[in-house]
2 protein chains.
Amino acid sequence: MDIAEVLRKNGYKVTPQRLAVFSAIDHNMTHPNAEAIYRTLQPRYPSMSLATIYKTMEIFAKIGVVQVLQCEEDAHRYDFNTHPHAHIRCVRCNNVVDVDMDQDALFKLAADQTGFRVDTVGISFTGICPECQKKE
Amino acid sequence: MDIAEVLRKNGYKVTPQRLAVFSAIDHNMTHPNAEAIYRTLQPRYPSMSLATIYKTMEIFAKIGVVQVLQCEEDAHRYDFNTHPHAHIRCVRCNNVVDVDMDQDALFKLAADQTGFRVDTVGISFTGICPECQKKE
DNA sequence: TTTTATGCAAACCGTTTGCAGGACA
DNA sequence: TGTCCTGCAAACGGTTTGCATAAAA
């Protein structure tokens, strides 16, 4: 299912800006933040505003096109991979990499221990990536 | 070891403000943010500024007196419990509760999978607490 | 007396919002 | 045509910073 169809199906209009933002994040493994997406699109869409990026990403998150990450950083990062998984960020180069992880066991542990009905879990590691380890 | 001693041992001066901030967080299970600490101390220390709270908490975090949490919220929260553990926040009442969890297995998983040297992990759940479930 | 801390106000930075003009359907 | 979207600029909220004054050692 392509993005135009998903937007329409959810009652949102299809605009060049939305298609452009999607093209910037689709299969993008760098987990960009709004600023990075903005810079990526700047050359080809010089009139696009940061506010539009934010508004678009909010919609994309709502309709399940992206996942919003909190990487113990100041800014949000976005992930086109909406399958539940963890992330690890290199504190030297700030690159973020996916970590596959079965979260069901964690959900159960938290629920059993606290009595909460558990909705979501965010797991973010920090460390030093292989490349930056070599440079040391 | 009391807080005055810890401060001195790390080269920081002991001031009434620092002792007051410590008293506000010591064995405080509510995981307060800076604003909440500020309001707590306001009656007894009306002249204390938010900036002092922030500066103090930064020192406390650096010398291992508190742990800084990122609860998928806007603001930082502080925890006097510096033992590694997870947190769960109720999306209705915003209360945050500790979750005991063995993090060594997660460290190993992330390291094996990514080649990172893993330093830290933050695990934050969201859900509905028992009290708010009853109200539904 | 020297050094560090405090409190104020202003700056910061990522994000959100209001709104007039423009684009989609 | 009616509704939704865009881009701008201003607002926002948590946090940080610079600096003059005050307090600790």
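Below, read A as the first sequence line, B as the second, and so on, with proteins coming before strands; counting in each chain starts at 1.
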Undergrad: Look at the side chain of Leu50(A) and decide which nucleotide, out of dT15(C), dA25(D), dT15(D), has an atom nearest to it.
TA: dT15(C)

Undergrad: Would you mind reporting whether Ile25(B) and Asp79(B) have side-chain heavy atoms less than 4.5 Å apart?
TA: no

Undergrad: OP1 or OP2 of dT6(D) less than 4.0 angstrom from a side-chain nitrogen or oxygen of Arg18(A), does that happen here?
TA: yes

Undergrad: Measure from the side-chain heavy atoms of Gln17(B) and tell me the nearest of dC4(D), dT6(D), dT6(C).
TA: dT6(C)

Undergrad: Which sits closer to the 5' end of DNA chain D, Ile59(A) or Pro46(A), going by the nucleotide each is nearest to?
TA: Ile59(A)

Undergrad: Rounded to the Å, how far apart are Ile53(A) CD1 and dG14(C) P?
TA: 14 Å

Undergrad: Is there a side-chain contact (heavy atoms from CB on, under 4.5 Å) between His76(A) and Asn33(A) once you walk through the steps?
TA: CA-CA 6 Å; His76(A) 297 155; Asn33(A) 57 19; 5.9 Å; no

Undergrad: How about Glu58(A): does its CD atom have over 12 heavy atoms from other parts shown lying under 6.0 Å from it?
TA: no

Undergrad: To the nearest 10 degrees, how far apart in direction are the end axes of the helix from dT1(C)-dA25(D) to dA25(C)-dT1(D), each fit to five base pairs?
TA: 30°

Undergrad: Mind listing the closest non-hydrogen atom pair of Gly115(A) and Pro130(B) along with its distance?
TA: O-CG, 3.6 Å

Undergrad: Among the nucleotides dC8(C), dC8(D), dA5(C), which one has an atom lying closest to any side-chain atom of Ala51(B)?
TA: dC8(C)

Undergrad: What's the CZ-P distance between Phe60(B) and dA5(C), to the nearest Å?
TA: 12 Å

Undergrad: Over how many whole Å does the gap from Met57(A) atom CE to dC5(D) atom C1' extend?
TA: 17 Å

Undergrad: Rounded to whole angstrom units, what separation is found between the CZ atom of Arg8(B) and the P atom of dA5(C)?
TA: 13 Å

Undergrad: Which is more 5' along DNA chain C, the nucleotide nearest Tyr78(A) or the one nearest Pro16(A)? Just name the residue.
TA: Tyr78(A)

Undergrad: Would you mind reading off the distance between Tyr12(A) atom OH and dT6(D) atom P, rounded to a whole angstrom?
TA: 12 Å

Undergrad: Go through Lys108(B) and Asp104(B) one step at a time and tell me if the salt bridge (Lys or Arg N to Asp or Glu O under 4.0 Å) criterion holds.
TA: CA-CA 6 Å; Lys108(B) 185 164 183 338; Asp104(B) 292 349; over 6 Å; no

Undergrad: Can you check the Lys13(A) NZ to dA23(C) P distance for me, whole Å?
TA: 13 Å

Undergrad: Is any side-chain nitrogen or oxygen of Thr15(A) closer than 4.0 Å to OP1 or OP2 of dT6(D)?
TA: yes

Undergrad: Any idea which of dG7(D), dT3(C), dG14(C) is nearest the Thr52(A) side chain?
TA: dG7(D)

Undergrad: Return the value, rounded to whole Å, for the distance between atom CD of Glu73(A) and atom C1' of dC13(C).
TA: 13 Å

Undergrad: Of the nucleotides dG7(D), dG2(D), dT15(D), which one has an atom closest to the side chain of Ser49(A)?
TA: dG7(D)

Undergrad: For Lys135(A) and Glu131(A), run salt bridge (Lys or Arg N to Asp or Glu O under 4.0 Å): C-alpha distance rounded to whole Å, both residues' side-chain angles, the deciding distance at 0.1 Å, then the answer.
TA: CA-CA 7 Å; Lys135(A) 287 182 200 143; Glu131(A) 287 72 35; over 6 Å; no

Undergrad: Can you find a side chain N or O atom of His76(A) that sits less than 4.0 Å from OP1 or OP2 on dG14(C)?
TA: no

Undergrad: From the options dC19(D), dA5(C), dA25(C), select the nucleotide whose nearest atom is closest to the side chain of Lys55(B).
TA: dC19(D)

Undergrad: Before you tell me yes or no, could you show the steps for Glu136(A) and Arg117(B) under salt bridge (Lys or Arg N to Asp or Glu O under 4.0 Å), namely the whole-Å CA-CA distance, both residues' side-chain angles and the distance that decides it to 0.1 Å?
TA: CA-CA 12 Å; Glu136(A) 284 186 350; Arg117(B) 188 195 318 138; 2.9 Å; yes

Undergrad: Check the side chains of Asn94(B) and Arg89(B) for a donor-acceptor pair under 3.5 angstrom, ignoring hydrogens and angles.
TA: yes

Undergrad: To the nearest Å, give me how far apart CG (Leu19(A)) and P (dA23(C)) are.
TA: 16 Å

Undergrad: Can you see if the side chain of Tyr54(A) gets near the phosphate of dT16(C) - specifically, an N or O under 4.0 Å from OP1 or OP2?
TA: no

